Number of protein chains: 2
Amino acid sequence: MPIRNTETSRVRNIPLFRGANDSAFAMALSGAFLQRFPAGTTLLMEGDSVDFLYILLEGAVELGASWKSKDTTLAIIRPVSTFILAAVVLDSDALMSASTLERSEILMVPGESLRRAMKSDANFCFAVSEELAGCYRGLVRSVKNHKLRDSTERLANYLLTQRARQGGKDTILLPHEKRVLASLLGMTPENLSRAFAKLSAQGVSVDGAQVQLGKIPALERLARPSPLIDNHYAQPKNELGESHIERGKGLLDGVAAL
Amino acid sequence: MPIRNTETSRVRNIPLFRGANDSAFAMALSGAFLQRFPAGTTLLMEGDSVDFLYILLEGAVELGASWKSKDTTLAIIRPVSTFILAAVVLDSDALMSASTLERSEILMVPGESLRRAMKSDANFCFAVSEELAGCYRGLVRSVKNHKLRDSTERLANYLLTQRARQGGKDTILLPHEKRVLASLLGMTPENLSRAFAKLSAQGVSVDGAQVQLGKIPALERLARPSPLIDNHYAQPKNELGESHIERGKGLLDGVAAL
DNA sequence: ACTCTCGCTTGATCAAAATCAAGCGTGTGC
DNA sequence: GCACACGCTTGATTTTGATCAAGCGAGAGT
């Protein structure tokens with residue numbers, strides 16, 4: 001599918017491409033095409049060779065991994081963000097699988113074009129480094145989240161993060177099915193239910209996808225959110241829910257779709 | 001401490017700098033200095049602003065994190081490799097603490113010089129992107145390792161990875177204290193002992209830092225090592241034990257100091 | 001030699017999470 | 001309407017890992 005002007009300008013304005021010069025931008029997008037996928041489509045399996053950088057324009061995609069009949073969700077991508085950038089830069093195989101959670105619109109940029117553009121424009125290349133560094137830091141947060149907190153604490157922090165991102169109101173909307181959320185938070189759906197039940201002591205009440213946070217102070221006391229693990233300030237997100245607010249000394253960064 | 005020629009040429013030859021042009025290399029290292037630290041020195045705490053890229057030339061350093069009086073080891077760095085590159089690229093605060101496990105020799109490169117060098121030389125900047133992508137993929141492996149395997153499986157895979165890296169012999173030497181290893185593998189020292197005990201069924205016997213792997217096939221049956229999680233082929237390592245064998249289509253990559 | 005410390009192990013107990021097994025409610029398709 | 005599937009919840013049970021509490025053995029300092 002051909003790329004329309006609207007898409008081009010949307011992509012031109014994401015942090016990755018904003019600083020690129022016109023010829024590098026044109027070079028990167030040469031051979032790129034737009035594709036639409038229904039929900040539940042597998043875009044990429046673990047171990048596949050990666051030929052394109054994916055840029056999610058609409059919809060949602062899940063990055064996951066599996067081993068010995070277990071599987072887990074590593075991140076959920078929301079527009080506008082790129083994914084599998086690291087594999088593209090190294091021209092190597094995918095370490096994660098990717099599949100659409102909703103009907104999605106994805107711009108597919110040939111890896112070779114992207115790498116050539118990087119080598120032709122140091123500013124663009126620097127932006128790619130920044131993006132990768134942001135992804136890396138998002139993952140560091142994720143590892144800390146998993147190694148240092150138990151499942152109830154992870155859920156409590158997830159709720160507070162969503163609250164911050166959804167405007168600070170005391171009622172939030174879970175953006176995904178609970179089973180997906182459970183997998184993202186590293187637990188079973190059963191335990192997610194139980195974790196919600198435990199948090200009723202902190203004023204949390206659930207009705208479908210709606211969650212009321214009744215006693216924020218109590219919830220914060222349990223969750224102890226930390227800017228070194230949680231990023232409450234991301235909105236446009238990349239591979240790991242990473243915001244580019246990160247740019248700029250001292251500002252908040254990173255983060256954890258989880 | 002001034003930088004000697006030997007150090008300069010060692011650094012010049014690591015993947016990060018090999019492709020840089022001479023002026024970018026000189027620019028990056030302008031203002032760099034060499035420093036020696038005894039074992040147990042804290043180099044950096046979580047949340048500190050990061051002014052230097054660290055390049056470990058000798059010794060070993062532990063990257064860790066803590067929350068609510070718990071702490072964990074995220075990675076162990078061995079020469080020659082860089083660490084906290086991501087924070088330097090984004091000029092932001094450290095998400096991990098760093099401290100020496102042994103007496104260490106570290107080259108400290110001012111962040112600002114590094115960023116200027118990146119912007120002046122697209123090839124160098126590309127190498128930084130590759131390095132970051134490798135770090136990122138190492139962390140992805142780490143997350144998979146933790147979310148998909150239980151502690152005994154992690155230990156079994158760790159042993160097989162060490163075996164491969166130490167030359168394939170059936171006796172390996174644990175490179176760190178067991179308590180550090182336990183933290184890296186995401187368990188308590190007590191449970192590490194018990195995990196070793198369980199693996200005696202797979203022919204594993206421990207004597208201090210020496211570990212005999214008596215029945216490799218049995219151990220592999222339990223461990224089910226996967227190239228998408230474990231990297232058996234790394235030797236020179238970066239922030240996450242990442243090897244730059246990764247470069248080059250199709251070759252193995254990533255990995256998991258853990 | 002003698003303690004002291006320290007790293008490690010072992011056992012007993014406890015807490016957290018996975019698993020197994022129903023059941024409930026809503027929406028879809030027939 | 002009715003059956004069915006599906007996502008979610010709840011309870012019972014098992015497994016896994018953490019915590020608590022000794023104890024062991026090697027090495028350092030006195």
Side-chain angles (χ1 to χ4, degrees), chain A residues 38-40 62 66-73 101-102 145-159 173-201 204-211 222-223 258, chain B residues 38-40 60 62 66-73 101-102 145-159 173-201 204-212 222-223 258:
Chain A
E62 176 185 31
S66 70
W67 180 77
K68 254 193 184 183
S69 81
K70 298 181 64 164
D71 52 46
T72 190
T73 300
L101 286 171
E102 309 170 0
N145 195 34
H146 281 280
K147 287 183 83 171
L148 295 169
R149 310 215 261 226
D150 69 25
S151 58
T152 308
E153 291 166 338
R154 290 198 296 274
L155 174 59
N157 279 291
Y158 176 83
L159 295 176
L173 208 61
L174 300 177
H176 317 284
E177 288 183 347
K178 293 208 183 75
R179 43 170 292 280
V180 174
L181 181 54
S183 179
L184 189 61
L185 293 174
M187 52 181 134
T188 58
E190 290 95 321
N191 277 333
L192 177 60
S193 276
R194 287 186 254 271
F196 270 120
K198 274 191 204 168
L199 292 182
S200 66
V204 173
S205 59
V206 189
D207 176 28
Q210 288 236 342
V211 182
L222 186 152
L258 39 161
Chain B
E62 176 186 31
S66 69
W67 180 77
K68 254 193 184 182
S69 80
K70 298 182 65 164
D71 52 44
T72 190
T73 300
L101 286 172
E102 309 170 0
N145 195 34
H146 281 279
K147 286 183 83 170
L148 296 169
R149 310 214 261 227
D150 69 26
S151 58
T152 309
E153 291 166 338
R154 291 198 295 275
L155 175 58
N157 278 291
Y158 177 83
L159 295 176
L173 208 61
L174 300 176
H176 317 286
E177 288 183 346
K178 293 208 184 74
R179 42 170 292 280
V180 173
L181 181 54
S183 178
L184 190 60
L185 292 175
M187 53 181 134
T188 57
E190 291 95 322
N191 277 333
L192 178 59
S193 277
R194 287 186 253 271
F196 270 121
K198 275 192 204 167
L199 291 183
S200 67
V204 173
S205 59
V206 189
D207 176 29
Q210 287 237 343
V211 182
Q212 268 264 5
L222 186 153
L258 38 161

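In what follows, chains are A, B, ... by sequence order, proteins preceding strands, each numbered from 1. Quick caveat: nothing in here was measured; it's all calculated off a predicted structure.
For A:K70 against B:L148, the heavy-atom pair with the smallest separation is CD-O, 3.6 Å. Heavy atoms only, all atoms of each residue included: B:L155 and B:M187 are closest at CB-CE, 4.2 Å. The two residues A:A223 and A:N157 have their closest heavy-atom pair at O-ND2, 2.9 Å. When every heavy atom of A:K178 is checked against every heavy atom of A:L192, the shortest pair comes out as O-CD2, 3.3 Å. Across every non-hydrogen atom of B:T73 and A:K147, the tightest pair is O-NZ, 2.8 Å.
In this structure, A:F196 atom CZ and D:dT9 atom C1' are separated by 12 Å, rounded to whole Å. We find that NE2 of B:H176 is positioned 12 Å from P of C:dC8, with the value rounded to whole Å. Taking atom CG of residue B:L155 and atom P of nucleotide D:dT16, one finds them 15 Å apart after rounding to whole Å. In this structure, the CG atom of B:L174 is 10 Å from the P atom of C:dT9, given to the nearest Å. Rounded to an integer number of Å, the gap from A:L185 CG to D:dC8 P is 13 Å. Taking atom CZ on A:R154 and atom P on C:dA16, their separation rounds to 13 Å, with Å as the unit. In this entry the distance linking NE2 of B:H146 with P of D:dG17 reads 12 Å, nearest Å. The CG-C1' distance, from B:L192 to D:dA18, rounds to 14 Å in whole Å.
A:D150 comes within contact range of the sugar-phosphate backbone alone, with a heavy-atom separation under 4.0 Å but no base atom that close. Across all strands, B:S151 comes closer than 4.0 Å only to sugar-phosphate atoms, never to a base (heavy-atom distances).
The base of C:dC20 is paired with the side chain of A:E190 by a donor and an acceptor separated by under 3.5 Å. At a cut-off of 3.5 angstrom, the base of C:dT19 holds at least one donor-acceptor pair with the side chain of A:R194.
An OP1 or OP2 oxygen of C:dT9 is reached within less than 4.0 angstrom by a side-chain nitrogen or oxygen of B:K178. Taking only side-chain nitrogens and oxygens, A:N191 never comes nearer than 4.0 Å to OP1 or OP2 of C:dA17. A close approach under 4.0 Å does occur between a side-chain nitrogen or oxygen of B:T188 and OP1 or OP2 of D:dA18.
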